[in-house]
Amino acid sequence: MTDKNPLKAAAEKAADALGVTTGPEEGIPGKPGSQTPPVDEPTRPREPLPPKPDQSGPEPVSPTGQHTSATQADVAQSGQYLTTAQGARLYDTDHSLKAGARGPVLIQDHHLREKITHFDHERIPERVVHARGAAAHGVFQGYGTAASVCKAAFLAKGVETPVFTRFSTVLGSRGSSDTVRDTRGFATKFYTDEGVFDLVGNNIPVFFIQDAIKFPDVIHAGKPHPDREIPQAQSAHDTFWDFVTLHTEATHHTLWNMSDRGIPRSYRTMEGFGVHTFRLVDADGGTTLAKFHWKPKLGVHSLVWEEAQIINGVDPDFHRRDLADAIEAGAFPQWELGIQTFPDTPDQTFEGIDLLDPTKIVPEELAPVQPIGLLTLNANPSNYFAETEQVAFHVGHLVPGIDVTDDPLLAGRLFSYLDTQITRLGGPNFGQLPINRTHAPVNDMLRDGMHQTAVHRGVAPYRPNSLDAGCPFLAGADTGAFVETPVTVPEASKVREAPESFADHFGQPRLFWLSMSAVEREHIIAAYTFELGKCYEQAVKERALKVLANIDPELCEQVAAGLGLPAPEATVRLASPDPSPALSQLGRVWPRDGRIIGIVAGETGDLAGVRTVREAVLEAGMVPLVVAPAGGVLDAGGDPVTVQRTFATARSVEFDAILLAGAPGRGKDAYGARDAKAATAGAASTATDPRVLMLLAEAFRHGKTLGGWGDVTAVLEAAGAPASAPGVVTGDSATAVLDQTVELLGAHRVWDRFPPAV
């Protein structure tokens, strides 16, 4: 537990800013606006409300990177009255201009046309991949530990750089769900003093393909079938598995996707990787090859598959809500940026691993990840479209000290990102959108084009010139210029082929499998069995089993048994790598910051205990949500306890742990005609509400900590969660039960509750 109470501090900050008094519900994230609304419609004119304390916008620099005296409020909507886009005040926006109350609408209605025309054009083309995203503002602080290999100024000790980070799923559309099994994007824009640096990666360190020319193929295979446009945002279908079983260089990434990494618990507990090998340049011009890693301070944690499926229906915005709520609550997510470094040798290999092959990792036991800085996300966007949707990343946005290598996938990305932004954002001036503006001065001689918002001066946008006094001038390496690293290119013929070192498609997948714990292997087996079981074509399933046989016979046999098919023999010699413990998500203890604890209480339960536990959870930097039979407050006549969830609205997937404040009884709406979750056999005679029993049963089989104080043993037993089971905590003291619960949360889940078979 921490001494700081970020939830209460955020609530007090908001209250001070608005001149309101905090109530018992303050400190719980999710409040829609910055001020509590009245019941009646407001009629007294006033300026727009300020954003909530957790919200921020892009720093108000000019389109050419000039720091201005403007505030974020200066670039937001202003004024007490509704106006046209040109600032003319309006007296009515509910009625079109007509020739009489029942007459025809007049074409001269300029307000109608402006309003409808803008609405018709509100949407821009969504991203082909990574369409569904969530983002936040933050700051990156360099440790200075990279100085020996990289001269990038933002990595120097103590330097703080504003950032904007966007997380995303790859396959789904903007309207899909967050918790599908998929690769996640992890892209960070650093607004450095030397220009923008974009680190555009994923939560999986390898990719499906080795050459960018195949990117359309893998995405077309993973997207919904083109005839029916189904299934949405998932890989459990024939075209995906047809491609990855024929194109076996995809095996390594596919295995990661079938592991728990494919369904992260939250963006806050998700690793990030730069995927490619980059070339770092030091102050003396020396070079080092490197791979980038983002390590979450809260540890790496995933959902179980049933939990993810429930969330997709109950709360498809689960990940973006979790990120926004954590920031609003003051539990700011953090990641350390680290690098693995390798000598920049002519062959660009390390310990026999080709560093230009994006389907390969270098185990951390061979090259430890060295921390070089800390990322903290501390502000939510103030407008999703203007920031999260319009942010434009590009792997070619580099700064002095960081350069690219000849990775053939990276080469294609250098072309593709720029090309994509021109289509999505209406022209070449997408960098002038507020969220994309560099914080370094710009003098690029680029002119005109759609959406040009800079007002350029001078008469000579060319070099050399004398009419503008020779400006702009070229910089040298000594004045901060970005200079490509001079790399010797070997003499070779022009060919369309891959190096021999790219040919091993099964050695590293086997390394990953052997590095998994027993329970993680069970999840991989279940994922392959489910995904292949959703395929229609028998040939695709049989081909997939041949691929699995070349990873591990046990994996192949277990999946084959689930599919009702014979397990084939391996067609390659199985490698015998040393397992890499760093690849497993389990076995460590992590901070509990931002965890959500459900406190279930009846109308006559131990409300003193509820108050004690709620306050202790807040003080520990976690989020308490009180669950009761009905909304409103408990103990309205005394010291009221605000209810955040009811038996009808609560679902286990929202909580990291659930505690019972005694036996909660039944809600008055606990009958199936109103709520199907209450329609269980014998529900009318059950002392405990069936929805509470379902809440507990789901959490129990998802490996979450359960507990309670007082008369709770019978309730837990009825839910199939005996008090003797691992991770079930009972006792007479609410404080003691909470202390044990918090300790168990350090391991994320109680995995020893269900011993694995593999």
Side-chain angles (χ1 to χ4, degrees), residues 1-12 14-15 22-31 54 265-266 268 298 315 318 321-322 324-332 591-603 605-635 638-647 649-662 664 692 695-696 699 704-710 712 729 731 733-746 748:
M1 292 188 181
T2 61
D3 295 329
K4 184 181 179 182
N5 182 354
L7 292 166
K8 294 180 70 177
E12 291 166 1
T22 58
E25 76 282 355
E26 296 297 343
I28 303 301
K31 185 179 178 66
D54 61 287
R265 163 62 178 81
S266 68
R268 298 181 293 130
L298 294 180
D315 185 6
F318 186 77
R321 189 188 311 281
D322 176 271
D325 282 357
I327 292 172
E328 184 181 354
F332 300 142
R592 289 78 167 174
D593 301 28
R595 303 294 177 86
I596 300 175
I597 297 182
I599 308 170
V600 182
E603 294 180 353
D606 177 17
L607 296 186
V610 171
R611 295 185 190 95
T612 299
V613 168
R614 185 184 183 281
E615 187 67 22
V617 171
L618 282 168
E619 292 292 345
M622 299 183 292
V623 179
L625 296 180
V626 176
V627 185
V633 297
L634 297 173
D635 193 16
D639 182 7
V641 175
T642 302
V643 176
Q644 282 83 35
R645 301 290 184 272
T646 67
F647 294 170
T649 61
R651 201 66 188 263
S652 67
V653 294
E654 186 174 10
F655 308 109
D656 295 293
I658 299 174
L659 301 180
L660 296 171
V692 172
L695 188 76
L696 297 171
K704 296 180 180 180
T705 300
L706 298 177
W709 62 94
V712 298
V729 181
S733 166
T735 302
V737 168
L738 176 63
D739 289 343
Q740 293 180 62
T741 298
V742 172
E743 183 176 355
L744 287 166
L745 282 175
H748 293 309

How about [X] and [Y]: do any of their side-chain heavy atoms sit closer than 4.5 Å?
X	Y	answer
Ile597	Leu745	yes
Asp315	Val653	no
Ile28	Pro624	yes
Leu744	Val729	yes
Leu659	Val613	yes
Leu695	Phe647	no

Where is the tightest heavy-atom contact between [X] and [Y], given as atom of each residue plus distance?
X	Y	value
Ala699	Ile658	CB-CD1, 3.8 Å
Leu706	Leu696	CD1-O, 3.6 Å
Glu328	Gly30	OE1-N, 3.0 Å
Gly631	Thr646	N-CG2, 3.4 Å
Pro640	Gly638	CD-O, 3.1 Å
Val742	Met622	CG2-CE, 3.6 Å

Check whether [X] reaches the backbone of [Y] with its side chain - one donor and one acceptor, N or O, closer than 3.5 Å.
X	Y	answer
Lys704	Phe655	yes
Arg611	Asp639	yes
Thr741	Val737	yes
Arg592	Glu743	yes

Salt bridge flag under 4.0 Å for residues Arg265 and Asp656: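 Salt bridge present between Arg265 and Asp656.
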